[in-house]
Amino acid sequence: MSYPYLSLIANYLLLLTTTLFCFFFCWIQANINSTSLLINFHTYKLKKIMDIHLAIANILSPPVLFFFLGMVAVWVKSDLEIPKALSKFFSLYLLLDIGFHGGYELHHNGFSWNIVGILGTCFLMASIVPLYAFFILKRKFDTANAAAIAATFGSISAVTFITGIAFLESAKISYGGYMVAGMALMESPAIIIGVILFQVFKSKEATATLNGNNKGVYQRPKWGKILNDAFFNGSVLLLVGALIIGIITGDAGWKAFKPFDAIFKGILTFYLLDNGIVAASRLKSLKGSAGFLIGFSILLPVFNATIAIFVSNHLLFLGEGDALLFTILAASASYIAVPAAMRLAIPESNPAFTIPVSLGIVFPFNVIVGIPLYFYLIHLI
Amino acid sequence: MSYPYLSLIANYLLLLTTTLFCFFFCWIQANINSTSLLINFHTYKLKKIMDIHLAIANILSPPVLFFFLGMVAVWVKSDLEIPKALSKFFSLYLLLDIGFHGGYELHHNGFSWNIVGILGTCFLMASIVPLYAFFILKRKFDTANAAAIAATFGSISAVTFITGIAFLESAKISYGGYMVAGMALMESPAIIIGVILFQVFKSKEATATLNGNNKGVYQRPKWGKILNDAFFNGSVLLLVGALIIGIITGDAGWKAFKPFDAIFKGILTFYLLDNGIVAASRLKSLKGSAGFLIGFSILLPVFNATIAIFVSNHLLFLGEGDALLFTILAASASYIAVPAAMRLAIPESNPAFTIPVSLGIVFPFNVIVGIPLYFYLIHLI
Amino acid sequence: MSYPYLSLIANYLLLLTTTLFCFFFCWIQANINSTSLLINFHTYKLKKIMDIHLAIANILSPPVLFFFLGMVAVWVKSDLEIPKALSKFFSLYLLLDIGFHGGYELHHNGFSWNIVGILGTCFLMASIVPLYAFFILKRKFDTANAAAIAATFGSISAVTFITGIAFLESAKISYGGYMVAGMALMESPAIIIGVILFQVFKSKEATATLNGNNKGVYQRPKWGKILNDAFFNGSVLLLVGALIIGIITGDAGWKAFKPFDAIFKGILTFYLLDNGIVAASRLKSLKGSAGFLIGFSILLPVFNATIAIFVSNHLLFLGEGDALLFTILAASASYIAVPAAMRLAIPESNPAFTIPVSLGIVFPFNVIVGIPLYFYLIHLI
Amino acid sequence: MKFEQRKKIEILIEAVKLDSVIYQLEEIGVPGYTVVGNISGKGANGVLDHNCKAKVFENTYIFTVCTAAQATKVLEYLDEVLHYFSGACFISDVQVLNTTKHKK
Amino acid sequence: MKFEQRKKIEILIEAVKLDSVIYQLEEIGVPGYTVVGNISGKGANGVLDHNCKAKVFENTYIFTVCTAAQATKVLEYLDEVLHYFSGACFISDVQVLNTTKHKK
Amino acid sequence: MKFEQRKKIEILIEAVKLDSVIYQLEEIGVPGYTVVGNISGKGANGVLDHNCKAKVFENTYIFTVCTAAQATKVLEYLDEVLHYFSGACFISDVQVLNTTKHKK
Ligand SMILES: Nc1ncnc2c1ncn2[C@@H]1O[C@H](COP(=O)(O)O)[C@@H](O)[C@H]1O
Ligand SMILES: Nc1ncnc2c1ncn2[C@@H]1O[C@H](COP(=O)(O)O)[C@@H](O)[C@H]1O
Ligand SMILES: Nc1ncnc2c1ncn2[C@@H]1O[C@H](COP(=O)(O)O)[C@@H](O)[C@H]1O
Ligand code: NA
Ligand code: NA
Ligand code: NA
């Protein structure tokens, strides 16, 4: 009943990274004044650094701080909790709102071949990430777990994306409504690729299962169900539905919905508070290959982000807002849909790997460090 | 375990009606431009058709479209669902908001004998509808089910009423706060009439029950409980309470409540999304006399609406807004309070008739086709 | 199974007090006009009476009236109820909002030694009240119950405080953000004092317990758990966390949160509706020493309030807003955290005393009669 | 520790009828009962769910542990109710830990 | 009143697998089943909770009362499922109050 | 399929005491337990509800299936707790489907 050792280390590492990161930016911030005279002539660079300022202001945004508060609540063993029904509603609200808003923007700016290119790249990205992640993970894990974790990284986290949007809005940087469609497209491919990878590579392994008595009678879920769950799961359906309704109803629709959209940041604040609580609890269940997992879960998102930044800059020529959102999508990992889908399709996989990684490490890393970091990188290029 | 046949037909019919209806209006819409020159001299008529335009815009309002999305979610077997606690809260919010707003309006416009007349007519309408509905239904059903279904049609659906109010608000047509009181008055009479009809007519039937072994020991719920449930059920109490509080607190109260009222359309959107999900699921449980039921559930509301339009035009001289609301009240059917009350008071009745009809057919029909149709008719007269 | 007698009396007394109180104010209100000419020369006094006017307007504020509606719902045996998940969320929202707002104010007005004095007094007040309450209660109750009830009175009710803030906002009277910190400080001391009082005085009693067979094996919860629960319970943590976040994020944070804060009064309305339902149900469970309890539960808050008014006027020199909030904190009793903590730490205590008192009597009394009464007294001095 | 032999009666019943069942249990005088919320299920009358708006398709679950004599009365009542209302009733034997409070 | 001897099978199973279990129960043809929501628990696989976002650490509780023959089939199915999925299965004897509806 | 004879202990206990009961179950080393949420009920101490603000009038329901030896320890603990706290405890016999995971 001893408190899991490695989770302590994980918590500690997270805090350390965050603190270092904060110090790093504080240092920049502090130097702005002292060096501003020096680099005054170099106005362009200065403006960039000023924007970094913005980034710091955003780490200190209420939603992110309440995420911290949620983690603290678990660490001090408080009984603070958000009722499950509300937490589900908040996520529905965020999806509906973001979908509706994206649709409204698309209604205004129209559809172009350029957008098709972006959406195609989104889809590709979501298909390639699980592939290379799988082969890295195979070195440490059996096929089942490697496939499941790879799929988790291939898919996306809508709330990380939405936190990115809140970041952009505070910084008054615009983004395209089609990025919401891009997110919808990136949710499901990883599930299918994960299952295929497992099917292909497990036959190369000995068929002996963990329990050694797999009588072969056991029926796996059929592809029909997998595909149906992947493409019609509640989140995808609500997001796409709201997007389409936003396109159809245009200005009139958005005007009526506007006051409800106004409470967006408040709802996000509550949702992140809740996510902080759950993330901190889930960090506790990290066991086994935790050392490798923690390192992997911080390096892979950064690696994916680097590729995404490169692609958005050199292939897609995206604006800063779109580039950040695309990068966040690539760097985030699914903690709701994919782990559940993997559990059903690959029951040999262990959720004690996927969830602590995606919700306990990748999510906090992206929300706290990732978003401003990726923005900084995009901005510098 | 085969997928219920008739529900498919019901779904299909619903879609067909809706599609035809949409085409019909699109055709009008399309002809406005081509014929506008022709009928330019006939400004009055043109203005009317322009308003119809408004009606179409409203079928495409977000709440109604999200209702569709909810139905689609069930058809594609998605796991989209609204937590029950939220769905209950949404309905409490809508009742409180609409009651409060009605009270505020009454506070401003005062009470007149005219209003007493309107409220009396509401009460009468709610008492007469179950009577003639019962005798029509008796041709196909036994006394118990005929009484239960008749009572369902005699009562009202608050959310249909509220959708009507949202329709009026988008169209910027005013209505009186007393209509909310009218709604409260129309909720309960049908329950009492349904029970009386059953008590009177069942004695004429053979006393043998379904199971043939009614030992007569079985105690029916007493009238006290029936009346208490009918007049003090949560919805009625909250609505009437909010109405009175609205009257008492007037401007100061409403001003404080205003920002909460602003999210009204957003809450309605979520509620209709949820209703779409439940309606589509309930359509599945249509069995037995489904053919007759489906026809009946579309014709009776239209018939009730016709009477209501006649009454509001020739007897009550209501404005367009009030007339529409009165018509909606007459045309809608209860899917919460009355089926539950009937189940308890007339246990021989089968809820597999009342709910699929009121929630699966009448509600979607009114929300999608009915409201603009009734408005069109009121407008033409 | 007979309806508890005394609860009827309690309800009746409550109604009576309230009615008398209303009459009293209505009488003042009525006399304002007739006497206004007379006292026109005495402008200062008139202004005071005008403000009383405000007080009456606030008894008739929607949240308080909906509290009544909730009580009525129980009395007429309606099935009106707020889902538990929502009721929990409302309280989280109110705490977060009030904490955040307090932090934002502190961010603006800064911290002074004066504030430290006020906070210290808050802490002291919360430590002294349970002491004298205990010795009064000991005359009627055994040590366990006396300690539990005393602790209940020593702590505070956040929602009463928040209702006070709503009162001040309608009356456009300002208050300091540090009062929120004061509330956080007043939540927990009474728990510790209650447990200490019990530990000290029970040893003086015979060790024989109710059941007479206390084998002494039974382990009481350790101080570690008691302290952890007291200082890190969800409400305190969220309140203090939001306060700190409000201080950190300042204007930018508050601006983003503002639209969510706008629905504050609506949420309070729903929360009080719910509290009305629960309070009325809990009044029913008053038994045993009910007569003494009812009297005590109305006199003690008034006594505490009197001390608080004296302290805030002569020692702390608080403005009217701060003085009212301090008085409300002193006069209110905990109905969530403390009864639960007492149950665990002093299992011999009977919750059938603490809850009916704090939620059934003190809360309604403060919300309906207390707040305007305390304001009136503060105003007169 | 003292134990007593009792009957456990598990009742599934339509939500609208729950109040009546509870009223009857109290009339018969069972020492206690527990209601379990958030129930759904399927039986002869099709799927019942706690998540649909209409209480009529909602299910409730209540159990009581009582003496054999009380059990007989409860079952006689239920036998009749279940002719009209959707539900089921299961009976089993349990031992009750007899603390002071639960002494009959 | 008539009673029949039946088996009560209580199943705790990971939330993701609930649909499959229900599907199988219906295939086997048990006369009914009841799903109890809002479950949490702990077993060999650690704490399962209904309150975490990821359905994979969520628990469900379902019970069915059926004939011994049906019970055997259900148990055979579960024996296999429980090799892969978190859960538990408890069997006991109950009497069923045999109203018209519940006659087999 | 292998089955083992076990004791099922059903515990109803005041919400504030749930954590202590769970702590004790884990100390005794039962193989698992399940907590059922959303409970209300009535017993010697009056109505308990999950819907009132004050946790003290809230009820919780937890059951564990364990060996007879473990059951004795659990019952000894509960015998004492139930002198001070509202609740009840019912014991019955069940068979456990013994999958790899649940082998003791
Ligand atoms: N054999 C059974 N096992 C478990 N639960 C049952 C059984 N039969 C009926 N139920 C429950 O009782 C409810 C009503 O049953 P019925 O009236 O047969 O539709 C169902 O929705 C189930 O929750
Ligand atoms: N012995 C037991 N008694 C009661 N519930 C159990 C027991 N073992 C397992 N469970 C339940 O089954 C779930 C999954 O068990 P496991 O797969 O062993 O982790 C647990 O979370 C508990 O809810
Ligand atoms: N005989 C019983 N049958 C079922 N549940 C009971 C019984 N006695 C007590 N309970 C449950 O245990 C809780 C506390 O019981 P008590 O301490 O006797 O008030 C009650 O609220 C019921 O939920
Ligand atoms: Na990704
Ligand atoms: Na009607
Ligand atoms: Na106090």
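In this text the structure is predicted, and so the values were computed from the model without any measurement. Computation of the quantities below employed the complete heavy-atom set of this structure, encompassing side-chain atoms and omitting hydrogens, waters and symmetry-equivalent molecules. First the proteins, then the strands, lettered A, B, ... as listed; each starts at 1.
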Using the benzene-type ring in the case of Trp, are the ring centres of A:F257 and B:F66 under 6.0 Å apart? no

Which atoms of B:A73 approach chain A - backbone, side chain, both or neither, heavy atom under 4.5 Å: both

Between B:P62 and A:G253, what is the shortest heavy-atom contact and its length? CG-CA, 3.7 Å

Does any backbone or side-chain atom of A:A252 lie under 4.5 Å from a heavy atom of chain B? Answer side chain, backbone, both or neither. neither

With A:I247, which residues qualify under side-chain contact (heavy atoms from CB on, under 4.5 Å), at least two apart? A:L106

Just verifying a value: how many Å separate A:I263 CD1 and B:I263 CD1, rounded to the nearest 0.5 Å? 5.0 Å

Does the side chain of A:L86 reach to within under 4.5 Å of the side chain of B:L86, using non-hydrogen atoms? yes

By a 4.5 Å heavy-atom criterion (distance strictly below it), what part of A:A262 contacts chain B: side chain, backbone, both, or neither? neither

Inter-residue atom distance B:L65.CG - A:I245.CD1, 0.5 Å rounding: 5.0 Å

Full working for ring-ring contact (aromatic ring centres under 6.0 Å, His included) between B:F264 and A:F260: CA-CA 8 Å; B:F264 172 75; A:F260 201 47; over 10 Å; no

What pairs meet the salt bridge (Lys or Arg N to Asp or Glu O under 4.0 Å) rule with one or both residues in residues 66-75 of chain B, with sequence neighbours excluded? none

Residue part contacting chain A, namely of B:L273, when any heavy atom lies under 4.5 Å: side chain

Please walk me through it: do B:F270 and A:L96 pass side-chain contact (heavy atoms from CB on, under 4.5 Å)? CA-CA 9 Å; B:F270 263 102; A:L96 191 154; 3.7 Å; yes

Count the heavy atoms belonging to other residues, nucleotides or ligands that lie under 6.0 Å from CZ of A:F123, then report whether that count exceeds 12. no

I'd like a table of all donor-acceptor pairs linking chain A to chain B (distance under 3.5 Å, no angle check), giving the atom names and the distance to one decimal.
| residue | atom | partner | partner atom | Å |
| --- | --- | --- | --- | --- |
| A:N228 | ND2 | B:V76 | O | 3.3 |
| A:F232 | O | B:S78 | OG | 2.6 |
| A:G234 | N | B:D79 | OD1 | 2.6 |

Excluding sequence neighbours, so at least two apart, what forms side-chain contact (heavy atoms from CB on, under 4.5 Å) with A:A148? A:M342, A:S349, A:T354

Considering only heavy atoms and a distance below 4.5 Å, find which of B:L80, B:L268, B:V76 pairs most often with chain A. B:V76

Would you mind reporting whether A:L92 and B:P83 have side-chain heavy atoms less than 4.5 Å apart? yes

